[in-house]
Amino acid sequence: MTKPKVLISDKMDPNAARIFEERGCDVDVITGETPEELIARIGEYDGLAIRSSTKVTKAVLDAATNLKVIGRAGIGVDNVDIPYASGKGVVVMNTPFGNSITTAEHAIAMMFAVARQIPEANTRTQAGEWPKSAFMGVELTGKTLGLIGAGNIGTIVASRALGLKMKVVAYDPFLTEERAVEIGVDKVDLETLLQRADFITLHTPLTDQTRNILSRERLEKTKPGVRIVNCARGGLIDESALKDLLESGHIAGAGLDVFAEEPAKNSPLFGTKNFICTPHLGASTTEAQVNVALQVAEQMADFLVNGGVTNALNMPSLSAEEAPKLKPYMKLAESLGSLVGQLAHGNLTQISIEREGAAADLNGKPIEGAVLAGLMKQYSDTVNMVNAPYLAKERGLDVRSIRHQREGAFNTLLRVTVGTSQGDRSVAGTLFGNDTPRLVEIFGIGIEAELAGHMLYIVNEDAPGFIGRIGTLLGESGINIGTFHLGRRDTGGEAVLLLSVDTAISQDVIDKASKLEGVKTVKALEF
Ligand SMILES: NC(=O)c1ccc[n+]([C@@H]2O[C@H](COP(=O)([O-])OP(=O)(O)OC[C@H]3O[C@@H](n4cnc5c(N)ncnc54)[C@H](O)[C@@H]3O)[C@@H](O)[C@H]2O)c1
Ligand SMILES: O=C(O)[C@H](O)COP(=O)(O)O
């Protein structure tokens, strides 16, 4: 088996390359390339490991013809076009906890630095000025900290601030009252936070909802003398308004680790009074960098080598332990999806995926992805279980997952039912010996068949002589039959014949089969 190939395109702790190699991947570390250079190179890689410098744009993804996974050694993924990556079937992962303590500590350090003007005091002292009377700071004790975003980092900042005897108020639409009590903060709306906070610190991702969350209008509503820290993302604050309000003295100090445009080499904020900054150093400690490098390499190698999915932003998680157990189910799910996709006529409006017996205890999301991938293969060559749910959504397909505790005739069963403009059509399958997928029911008729390779599906009237006629037709057409499966609704009623054959079946043979006595439907299937 050829080894998966990974490119590390940003500066990363060397542990990442070591782990990739130990886990059976070939790895290249090539940092600092231009977008054009990356585009020229990316086609040969299965995995791309990045930090915040590499911008994974549509153009990069279009050139990434072999890419299966992007791993972000860190948290923020606003440098990756995730919807486009999802559409291309590329998994995007991050390492959500590896640098959170480090970044929270940086935010606290910035708060102290702003409160006591440490950078400027340091510069002037070292210049020989001894400017003791030029600096008068404020205490953090007893002050109110306004937290915008109370996720992993915000929560750590809150706990450190509470330790410093600050009061903490938090604005986060996804923070529940219970969680707010648990972490010791007051949940407030944004207006209240702006009015009450002596210090404001931001800890949200950059999204369409959070972009410019501290707009000029909101900055003007802050308490006079407020100090603001941003160690999250640059686009969260209106930088020009921040400059004006620092100059007017309404804002007493600001500490930014991140800028709307990075690298920030000529920011208008540079030189503004009471303004301090660092060059996106939030995650830059030895501990955090080792954490995220190890984690991203483990996660990506696990995915590329074993199919395990951890911390993916566009796909459900799947542990390395679950992956081998789910593998035969994924095969079965994809075949069933493909079968209904090939057989159902009319516009598909709804699909339900039922799991029964042992299958009911499994992680349903990957199975759902595999069914949809099988189904959507009729419409797209590049579909896989990552992008299939997105394609299904785009087409307005209503997807339902149902889990039955009951045990039926099979100890494990997957059933896929599609609602078409002509009514519901359902197929079901099981695993023989825990790992061999088998179709056991097609449109209400019991049958037992492996779905593989070239197949011929025929619905006919159950009557003597039919099997001989179809055997003769295929024989005369030079088509060798591999396996032969029969099922019928009742004696003399509707019967189903599923044949696997060694070569693709031509339209001419299908037309001839359709004309045989008693035949209702003929369809060539491919798995
Ligand atoms: N400076 C650095 O080097 C550095 C390092 C790590 C992370 N970060 C940034 O910090 C961000 C936060 O990291 P995290 O680990 O805490 O993420 P997280 O996902 O755990 O928390 C983000 C929080 O923001 C909240 N949120 C989302 N939309 C919001 C909105 N409109 N208003 C208010 N709150 C909203 C979410 O509910 C969530 O609780 C990351 O997205 C990343 O951009 C920066
Ligand atoms: O989102 C993050 O994890 C931080 O912004 C860190 O970015 P970096 O890996 O480029 O330091």
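Atoms within a ligand are numbered from 1 in the order they appear, just like the ligands themselves. Here the structure is a predicted model, which is why all the values come from computation and not from measurement. Nothing fancy with the numbering, it's 1 onward along the sequence.
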Heavy atom to [atom], shortest distance: which of [options] holds it?
| atom | options | result |
| --- | --- | --- |
| atom 14 (P) of ligand 1 | Leu281, Val157, Ile153 | Ile153 |
| atom 2 (C) of ligand 2 | Arg72, His280, Gln289 | Arg72 |
| atom 18 (P) of ligand 1 | Asn152, Val258, Leu175, Leu206 | Asn152 |
| atom 4 (C) of ligand 1 | Asp78, Ile213, Thr103 | Thr103 |

Less than 4.0 Å between a side-chain N and a carboxylate O, is that true for [Y] and [X]?
| X | Y | result |
| --- | --- | --- |
| Arg18 | Glu21 | no |
| Asp302 | Arg23 | no |
| Asp186 | Arg196 | yes |
| Asp172 | Lys187 | no |

Check: Are Ser401 and Arg355 close enough that a side-chain donor and a side-chain acceptor fall under 3.5 Å?
Finding: no
Notebook entry, point to check: Any side-chain donor-acceptor pair under 3.5 Å between Lys243 and Thr272?
Noted result: yes
Check: Quick one: does Arg233 get an N or O within less than 3.5 Å of an N or O on ligand 2?
Finding: yes
Notebook entry, point to check: Would a distance-only check, ignoring hydrogens and angles, find a side-chain to backbone donor-acceptor pair under 3.5 Å from Asn384 to Gly89?
Noted result: yes
Item checked: Glu262/His280 under side-chain hydrogen bond (donor to acceptor under 3.5 Å, both in side chains): CA gap, chis, key distance, verdict -> CA-CA 9 Å; Glu262 291 184 11; His280 203 143; 2.7 Å; yes
Next item on the list: Please report which non-hydrogen protein atom sits nearest to atom 11 (O) of ligand 2, along with the residue it belongs to and the distance in Å to one decimal place.
Entry: Arg51 NH2, 2.8 Å
Notebook entry, point to check: How far is atom 10 (O) of ligand 2 from its nearest protein heavy atom, and which residue and atom is that?
Noted result: Ser52 OG, 2.3 Å
Item checked: Sub-3.5 Å N/O-N/O distance, Gly76 and ligand 1 -> no
Check: Short list, please: which atoms of ligand 1 are under 4.0 Å from a heavy atom of Asp257?
Finding: 1 (N), 2 (C), 3 (O)
Enumerate the atoms of ligand 2 whose separation from the nearest heavy atom of [X] is less than 4.0 angstrom.
| X | value |
| --- | --- |
| Gly74 | 3 (O) |
| Ile75 | 1 (O), 2 (C), 3 (O) |
| Gly76 | 1 (O), 2 (C), 3 (O) |

Item checked: Sub-4.0 Å protein heavy atom near atom 20 (O) of ligand 1 -> yes
Next item on the list: Under 4.0 Å, heavy atoms only, figure out whether ligand 2 is touched by the backbone of Ala283, its side chain, both or neither.
Entry: side chain
Note to self: Counting only heavy atoms closer than 4.0 Å, does ligand 2 sit against the backbone of Asn99, its side chain, both, or neither?
What the structure shows: side chain
Checklist line | Check: Ile156 and Ile101 side chains under 4.5 Å, non-hydrogen atoms | finding: yes
